[in-house]
Amino acid sequence: MTALLSLLQALPGSYAGPTRPEPAPHALIGVGEGTLGASLARILVGTTLTHSGTQFVISSPDARSAATDYADLAEVAGAGVRRVGTAGTPEEIDVLIPSGPLSAYHAAQYVAHASGHADQAAQADALLTQLAQTCHPGIETGNPARDLAWSLWGRLPLLLAAPEAEALPGAWQHLLARTAKTLSVPMLGDPLALATGAFEAQHEKGDAKVALILGDPDPALHLTREILDSRIDEVIHVPYPAGSESGYAGQLTLWYFGAWVAAYLAERYDMPAEDTDVLRRAQNVLSGEDDDRLGLEAPTRPARPQDDEDDFDEVAGDLDDDEDDE
């Protein structure tokens, strides 16, 4: 069992940060590795910036400058700031959360508690615990995460969700790229315009595509499914787990399910589920820990030698002679 699968199995109930509610009103912004956690908690805290109450800023060292700017703006405006991050000095961080692909859980659960939604945080942990019992590696047959990973293998997933679950397509794209090392495409905006037009000029582009409808479909997504059924290989509805519905707990649980799917898809592709060295090095460069640039360039063909003017004149003269001979 990979390290990530072990972490996934132990994730439910592992949040160990502060649980004290902070003064309202609340506002939330995420940068760097904090972007995903903030998007999942956005359903609880809809305001981005506030000039009173509490401003939550979720970040990581590679986005230190932006996080500092947002925190400073909030403080100048009169809000109290709670800086949440995966690393940093005591002056930069009020709440420390684990880094890595599962940091979104810890960031979102902190915001749930701090914004006065401890009941929803507890509900989320209960749902995650139930889901872990059906997705853990010991279950070979009837494991929904393994089954969905098999359906995605060798295909390009298209990700859709209703407006109230707009964080899910981006969250699944992040998981599939970071963990499964595969590309997926969130279909954002009006799904009908996308579904009716995206494959008309190039019908073959629908081959090896599978659409995932995440969460509860609205009427537009029901129509979108009918349209995509005739244009791509398959459309799969990925509902909220049993006992949950659209809302913070349901969306965090569906993110958790996506993490299991991504881990098993990495397994299918025989790829490591852990972060790539390139990602770690890029984060180190942006955080200032490594002053050297990445030093990673795509192989290029040798540049063609540039003729000097004399050589060019000589070649041009030869061509003129050849034309005269003809």
Side-chain angles (χ1 to χ4, degrees), residues 1-14 33 36-37 40 86 98-106 108 124-125 127-161 167-186 207-215 232-242 244 251-283:
M1 182 165 55
T2 67
L4 182 60
L5 287 173
S6 297
L7 289 173
L8 275 171
Q9 196 166 352
L11 189 66
S14 64
E33 205 166 41
L36 181 53
L40 291 170
T86 58
S99 62
L102 304 183
S103 65
Y105 162 81
H106 299 277
D125 272 331
L127 291 170
L128 264 62
T129 300
Q130 293 175 13
L131 188 60
Q133 294 171 357
T134 65
C135 294
H136 70 79
I139 299 179
E140 295 287 342
T141 304
N143 184 323
R146 282 190 187 276
D147 293 344
L148 184 54
W150 178 261
S151 296
L152 300 184
W153 184 61
R155 292 162 147 184
L156 177 67
L158 308 176
L159 309 170
L160 302 99
L168 290 176
W172 275 59
Q173 182 192 39
H174 178 99
L175 290 165
L176 291 171
R178 186 169 183 173
T179 299
K181 312 302 185 289
T182 60
L183 174 66
S184 57
V185 180
D207 297 339
K209 303 290 190 301
V210 55
L212 301 182
I213 297 178
L214 305 171
I232 64 175
D233 285 354
E234 188 177 7
V235 180
I236 300 174
H237 179 213
V238 185
Y240 292 111
S244 66
Q251 290 189 32
L252 189 64
T253 308
L254 205 51
W255 163 84
Y256 182 56
F257 181 62
W260 280 109
V261 172
Y264 288 131
L265 187 56
E267 184 179 77
R268 289 293 311 160
Y269 281 119
D270 195 24
M271 297 293 294
E274 287 68 31
D275 286 345
T276 64
D277 289 338
V278 177
L279 174 59
R280 287 190 289 267
R281 291 170 64 184
Q283 289 173 331

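Everything numeric here is computed off the predicted structure, so don't read it as measured data.
- Closest approach of G258 to L175, counting heavy atoms only: C-CD1, 3.6 Å.
- Put simply, OG1 on T182 and CE on M271 are 9.5 Å apart, with the number rounded to the nearest 0.5 Å.
- Across all their heavy atoms, I139 and R146 have their closest contact at O-NE, 3.4 Å.
- For W260 and Y264, the side-chain atoms include no donor-acceptor pair closer than 3.5 Å.
- The closest donor-acceptor contact from the side chain of W172 to the backbone of A259 lies at 3.5 Å or more, if one exists at all.
- With a 4.5 Å cut-off on side-chain heavy atoms, Q130 and L127 count as touching.
- Using a distance-only test at 3.5 Å, with no hydrogens or angles considered, no donor-acceptor pair links the side chain of Q173 to the main chain of P186.
- Between the side chain of D233 and the main chain of A208, a donor-acceptor pair closer than 3.5 Å is present.
- Distance check, rounded to the nearest 0.5 Å: OG of S99 to NE2 of H106 gives 9.5 Å.
- Judged purely by atom type and a 3.5 angstrom limit, T179 has no side-chain atom pairing as donor or acceptor with the backbone of L176.
- In terms of modelled atom types and a separation under 3.5 Å, the side chain of Y240 and the main chain of T253 share no donor-acceptor contact.
- When atom types are taken as modelled, the side chain of H237 and the backbone of G215 share a donor-acceptor pair closer than 3.5 angstrom.
- S14 OG to L128 CG: the interatomic distance, rounded to the nearest 0.5 Å, is 9.0 Å.
- The structure places CG of L214 at 6.0 Å from CG of L159, a figure rounded to the nearest 0.5 Å.
- The two residues Y269 and G154 have their closest heavy-atom pair at OH-N, 2.6 Å.
- Taking CG from L148 and CG from L265, the interatomic distance works out to 9.0 Å, rounded to the nearest 0.5 Å.
- Between Y105 and W255, the angle of the ring planes stays under 30°, which puts this pair in the parallel group of the 30/60° scheme.
- Put simply, the side chain of R178 never gets that close to the backbone of D275: no donor and acceptor are under 3.5 Å apart.
- In this structure, the side chains of I236 and I213 stay at 4.5 Å or more apart for every pair of heavy atoms.
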**Q.** side chain to side chain contact (heavy atoms under 4.5 Å, CB included) evaluation trace for L158 with L212
**A.** CA-CA 6 Å; L158 308 176; L212 301 182; over 6 Å; no
Q: Quick one: do V261 and L152 satisfy side chain to side chain contact (heavy atoms under 4.5 Å, CB included)? Show the steps, please.
A: CA-CA 9 Å; V261 172; L152 300 184; 3.9 Å; yes
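- Among all heavy-atom pairs drawn from A263 and L8, the shortest one is CB-CD1, 4.0 Å.
- Contact check on R155 versus E234 returns a salt bridge, with a Lys/Arg side-chain nitrogen under 4.0 Å from an Asp/Glu carboxylate oxygen.
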Q: Test side chain to side chain contact (heavy atoms under 4.5 Å, CB included) on Q251 and L254 and set out the steps.
A: CA-CA 5 Å; Q251 290 189 32; L254 205 51; 5.6 Å; no
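- Inter-residue side-chain proximity for P144 and T134 is flagged as met; some heavy-atom pair is nearer than 4.5 Å.
- Remark: the backbone N or O of P272 is paired with a side-chain donor or acceptor of K181 at under 3.5 angstrom.
- In this structure, CG on L7 lies 8.5 Å from OG1 on T2, to the nearest 0.5 angstrom.
- In plain terms, the two heavy atoms of A180 and A266 that are nearest each other are CA-CB, 3.8 Å.
- When all heavy atoms of A108 and L252 are compared, the pair lying nearest together is CB-CD1, 4.3 Å.
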